[in-house]
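Heads up, the thing below is written out as structure tokens.
Atom set for the values below is all heavy atoms of this structure, side chains included, hydrogens, waters and symmetry mates excluded. These numbers were taken from a predicted model, which means no experiment stands behind them.
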Amino acid sequence: QVQVVESGGGLVQPGGSLRLSCVGSGFTFSSATMSWHRQAPGKERELVASISPSGGNTNYAGSVKGRFTISRDNAKNTVYLQMNNMKPEDTAVYYCRAIPSFPYGAYWGQGTQVTVSS
């Protein structure tokens, strides 16, 4: 029913940019809080950025403020994460999460690998 699918990951050089996309289906996307999380080997999964249903409110982890931007296009059921000035420390599997009102719950995507390396 509920599906959350990320795309856009890959290899990028330090200082470069990537844009991740996340498409949701099986729920009312415009009523769902959306967020991006990441997990590096040996580390716990951490919140990177979140955005409210209409896009009016956003939050970022301190480590990505000023470099990453979360946005959404409800007409396309898509949330984006624009990542600029990337650093090796950004290397991780990035996951998209949806929290819709119905069916209520937290729904995770499969993850997309982002590697920042020379």
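We find the CG-OG distance between Asn57 and Ser52 to be 4.5 Å, quoted to the nearest 0.5 Å. Atoms CG and CZ, on Asn84 and Phe68 in that order, are 8.5 Å from each other to the nearest 0.5 Å. The structure places CG of Asp90 at 11.0 Å from OG1 of Thr115, a figure rounded to the nearest 0.5 Å. Put simply, CD1 on Ile99 and CE on Met34 are 9.5 Å apart, with the number rounded to the nearest 0.5 Å. The OG atom of Ser50 lies 7.5 Å from the NE2 atom of His37; values are rounded to the nearest 0.5 Å. One finds the CG atom of Leu20 at 3.5 Å from the CE atom of Met83 (value rounded to the nearest 0.5 Å).
No donor-acceptor contact under 3.5 angstrom links the side chains of Gln39 and Glu46, judged on distance only.
Note: the hydrophobic cluster containing Ile51 does not contain Val23 (ILVMFWY, side chain heavy atoms under 4.5 Å, direct or indirect links). The same ILVMFWY cluster, assembled from side-chain heavy atoms under 4.5 Å apart, contains both Val12 and Tyr94. Trp36 and Val2 fall within the same hydrophobic cluster, where Ile, Leu, Val, Met, Phe, Trp and Tyr residues are linked whenever their side-chain heavy atoms come under 4.5 Å apart, directly or through other members.
Leu47 and Ser35 make their closest contact through CD1-CB, 3.9 Å (heavy atoms, listed as atom of the first residue, atom of the second, distance). The two residues Val79 and Ser71 make their nearest non-hydrogen contact at CG2-O, 3.0 Å. Closest approach of Gln113 to Ala92, counting heavy atoms only: NE2-O, 3.5 Å. Closest approach of Val4 to Ala98, counting heavy atoms only: CG2-CB, 4.0 Å.
When side chains are defined from C-beta on, Ile70 does not count as touching Gln82, because their heavy atoms never get closer than 4.5 Å. Using a 4.5 Å cut-off on side-chain heavy atoms (C-beta onward), Thr28 and Ser101 make no contact. Proximity of Thr69 to Tyr60: side-chain heavy atoms (C-beta onward) are separated by under 4.5 Å at one or more points.
Between the side chain of Glu6 and the backbone N or O of Gln110, at least one donor-acceptor pair lies under 3.5 Å. Side-chain atoms of Arg72 come within 3.5 Å of backbone atoms of Phe29 as a donor-acceptor pair (strictly under, hydrogens ignored). Thr78 places a side-chain N or O within donor-acceptor distance of the main-chain N or O of Lys76, the cut-off being under 3.5 Å. Under a 3.5 Å cut-off, the side chain of Asn85 and the backbone N or O of Pro14 do not form any donor-acceptor pair.
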With side chain to side chain contact (heavy atoms under 4.5 Å, CB included) as the criterion, how do Val114 and Thr91 come out once you've worked through the C-alpha distance, each side chain's angles and the decisive distance to 0.1 Å? CA-CA 5 Å; Val114 172; Thr91 296; over 6 Å; no
Apply side chain to side chain contact (heavy atoms under 4.5 Å, CB included) to the pair Arg38 and Leu81, showing each step before the final yes or no. CA-CA 12 Å; Arg38 66 187 183 187; Leu81 184 68; over 6 Å; no
Applying side chain to side chain contact (heavy atoms under 4.5 Å, CB included), run through Val116 and Glu89 and close with a yes or a no. CA-CA 8 Å; Val116 185; Glu89 309 93 89; over 6 Å; no
Walk me through it: do Gln13 and Met86 pass the test side chain to side chain contact (heavy atoms under 4.5 Å, CB included)? CA-CA 8 Å; Gln13 299 92 339; Met86 298 192 71; over 6 Å; no
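Checking each of Cys96, Cys22, Ser21 against Tyr80 for a side-chain contact (heavy atoms from CB on, under 4.5 Å) leaves exactly one that passes, namely Ser21.
Geometrically, Arg45 engages Tyr95 in a cation-pi contact, judged by NZ or CZ lying under 6.0 Å from the ring centre and within 45° of the ring axis.
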